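Quick caveat, the model's predicted, so the values are computed rather than measured. As a basis for the values below, the full set of heavy atoms in this structure was taken, side chains included, without hydrogen atoms, waters or symmetry mates. Order of listing sets the numbers, starting from 1, for every ligand and every atom in it.
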Amino acid sequence: MSNHHDEVQAVIALMTDEEKIDFVSGHGLWRTAAIPRLGIPSIVMTDGTYGVRYSMTQIDSGSDPEAALAAFQAVVNRRADDGGPGMFGDTHPATCFPNGNLLGCSWDVALAEKLGQALAAECRALGVDLLLGPGINIRRTPLAGRAYEYYSEDPVVSGDLAAGLIRGLQGAGVGASLKHFACNNSEIDRTNMSSDVDERALREIYLAGFERVIAKSDPWTVMSAYNPLNGVQSAENHWLLTEVLRGEWGYSGVVISDWHAIKDRPAAVHAGTDLDMPESGPRKARLSAALEAGELDREALDRSCRNVLSLVRRLSGLRVPAAPVDLVRHHALARRMAAESIVLLKNDDAALPLKSLAGKRILVVGDGAIRPTIQGSGSATTNPFRVDVPLDEIRALAAGAIIDFMPFAKDGVGDLEKQTADVVVAARGADAVVLFANHRTGAEGEGTDRSDIRLADGQDALIEAVASTNARSIVALTMPDAVTMPWIEKVDAVLACFYPGQGGGAALAQVLFGRVNPSGKLSTTLPLRIQDIPGFHTYPGENGHHTYSESIFAGYRYYDLRAMEPLFPFGHGLSYTDFAYTDLYVDTDTVAPGVSVKLQFSLCNMGKVFGQEVVQVYVRPIEPGLKRPVRELKAFSKHALAPGEAATVDIELLPRDFQYFDTATGRWTLRAKAFAVEVAASSRDIRLSRILPCESEPIPVPRIATTSSPAAVFSHPKAEAALKSFFVKRLNLDGDEAQGLLDGTRKSFLGFYDTLSWSIGESIPEPELAALFDALDEEEP
Ligand code: BGC
């Protein structure tokens with residue numbers, strides 16, 4: 001055992017029971033408990049994922065348990081669009097970077113790592129040791145209130161971006177909390193509604209991102225989710241937190257509860273939750289009572305103390321004197337991240353970038369141009385120290401063009417027909433119109449799902465009306481996740497900005513005028529209609545259970561399975577240049593157990609401007625012998641290329657990338673006739689592909705019983721011979737007679753014993769045959 005372990009163990013041995021209970025419970029809203037007697041300091045943690053939300057009153061003025069719950073609820077329930085001076089009154093100004101929904105579209109792991117470094121610098125300046133992010137729940141439905149915080153509907157994108165962020169953060173000495181483990185995919189009755197998910201979907205989709213992040217970046221803490229998973233509260237789920245997370249994945253950090261998520265405190269200790277956040281007098285009392293009554297496993301409590309102490313030691317050891325942050329540099333990073341993530345969804349006749357501007361009239365429409373929504377609502381919100389105003393940024397880059405502005409309601413309130421008529425009159429005199437459109441704002445965000453995916457009232461009609469004028473119509477969309485676009489065929493260009501953070505205004509202007517060539521690609525599918533959303537027919541659950549009816553077919557996997565056209569597919573995003581994909585080389589002729597597959601191809605920028613391309617590698621199983629997604633993303637990378645420049649792209653696919661999770665054996669399994677490896681520009685734009693035959697793993701012999709069908713019995717390699725000699729002996733038959741008896745059962749769909757007894761009655765009792773089958777099962781595990 002290591003010295004560190006011994007030392008930690010020795011300190012735990014000195015703790016009283018009361019100290020132990022304090023130590024595995026928070027102190028106030030944002031700290032762990034200090035034990036000065038033993039030289040143990042407290043550590044400070046705060047949200048969030050794309051910016052630091054440091055509450056000066058809550059963190060600086062210590063703990064007042066009564067005020068704490070009220071203060072916590074107030075933030076979570078507050079809407080980012082409420083704005084006003086009270087909104088961030090007690091929150092330290094910080095950089096509001098692009099939210100997860102836009103960062104996900106960067107597909108840029110290095111950029112995520114930069115974000116982690118920037119967040120760490122802001123944490124350190126405020127004395128924060130542990131940042132409560134990133135969140136990587138799968139964007140299962142665009143209705144989810146917290147979709148804006150998360151990266152993607154795919155675990156590879158979510159996992160790799162989060163791992164990058166965590167490496168940046170922890171590399172700079174600030175801990176991460178990977179959350180919300182697991183299946184926090186809707187806000188409806190979020191602490192009670194059980195996410196009911198079959199094991200394959202869990203392993204292949206919902207847990208896969210977490211597994212990936214843990215392997216690639218080892219987050220120092222994992223935060224469990226509010227919701228029950230398959231009926232068991234996540235914070236009290238032994239299978240999830242101990243068997244899978246620690247046992248199978250070898251995770252050795254701290255498991256933190258989500259805020260007030262624990263319902264049964266002793267059960268949470270047994271399940272593997274180390275730290276109950278935030279402080280709760282009643283929960284501490286319950287834990288204490290269980291300990292006194294001898295109902296709490298002392299070793300489990302000590303294990304949690306050990307884990308928390310190791311974390312406290314690590315974080316306090318990494319503390320450095322607070323240094324001021326270069327916020328100007330962070331604002332520039334926020335702009336760059338947004339500019340490199342915005343997705344150009346449509347660009348007919350090269351409507352964008354706007355060029356030859358001198359004397360042109362550009363009409364900017366919509367209140368979003370002067371009062372942008374830069375982020376979602378809830379605990380992740382950041383108090384931006386500065387916000388770019390898109391209209392100002394457009395004016396700053398307009399280079400001789402005349403920029404006019406017309407208001408249009410963001411919230412669907414007012415005389416929308418009159419506003420539309422006024423805009424159309426102005427649009428007739430314009431060369432191009434940039435329309436700021438947004439989803440219907442309401443109560444969505446943390447705590448509430450959206451109820452539809454339409455734009456705010458009046459905006460669809462406005463866009464149609466403007467598109468029917470002669471001006472070029474360019475739509476810039478702000479949204480937490482998908483919106484419908486009934487006007488898509490009529491407009492010239494569309495940019496998806498999601499929630500772009502405080503630098504979004506400048507980023508958009510840079511993209512509009514071609515200062516930045518867009519390189520974002522969608523990290524979720526945009527559906528044509530709300531009814532097309534995977535799992536729509538069982539969303540949001542009832543009687544406390546939400547069945548994930550689409551199972552492994554999350555996101556694009558569902559649209560592919562059903563051969564449905566989405567509005568825009570997963571992975572889609574245009575550029576102001578074109579990229580050619582050529583010369584695919586694959587280093588192996590077959591896919592075999594335990595073998596990695598290396599791909600190499602050439603990527604060339606064919607256009608006249610610098611650009612970046614996100615390349616995607618999918619694996620498509622051919623005759624896999626069970627239901628599998630048509631294709632699944634397994635790797636990606638992003639490449640910057642000057643005009644005419646070519647790069648050689650190397651990508652390695654690992655054995656796991658070809659496997660599915662076999663629930664019968666509980667193992668990742670390789671089985672298919674072949675696989676196509678596909679190099680793609682989007683999930684619906686495959687550029688290069690190669691088919692590789694597969695050497696499957698041997699199929700385990702299914703167990704047989706007297707109730708198995710004869711076909712199942714005969715599929716056991718030794719059953720027929722064993723039965724024949726058994727009949728010869730037991731029924732005094734010759735070989736041919738025994739064979740005849742067996743052949744007589746062959747076509748029956750009923751149980752083997754039932755079928756057999758039509759010919760031989762009960763002359764062989766069922767238990768005797770059962771013993772024979774058991775022996776055969778033992779031989780072939
Ligand atoms: C959220 C977490 C957050 C915590 C602390 C909870 O409501 O689910 O994501 O870290 O509050 O603010």
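- When heavy-atom distances to ligand 1 are checked against 4.0 Å, the residues falling inside are W30, D47, R53, F72, V76, L132, R146, K179, H180, M223, Y226, D258, W259, S379, E446, ordered by chain and number.
- Under the side chain to side chain donor-acceptor pair (under 3.5 Å) criterion, D326 pairs with no residue, sequence neighbours left out.
- Applying the side chain to side chain contact (heavy atoms under 4.5 Å, CB included) rule to R167 yields the partners V109, E113, A163, K216, S217; only residues at least two apart in sequence or on another chain are considered.
- Between W249 and F181, the angle of the ring planes lies from 30° to 60°, which puts this pair in the tilted group.
- Using modelled atom types, one finds a donor on one side chain and an acceptor on the other under 3.5 Å when comparing S379 with E446.
- When only modelled atom types and interatomic distance are considered, S195 and Y548 share a side-chain donor-acceptor pair under 3.5 Å.
- By the side chain to side chain donor-acceptor pair (under 3.5 Å) test, D196 is found to be paired with S194, H545, residues two or more places apart in sequence or in another chain being considered.
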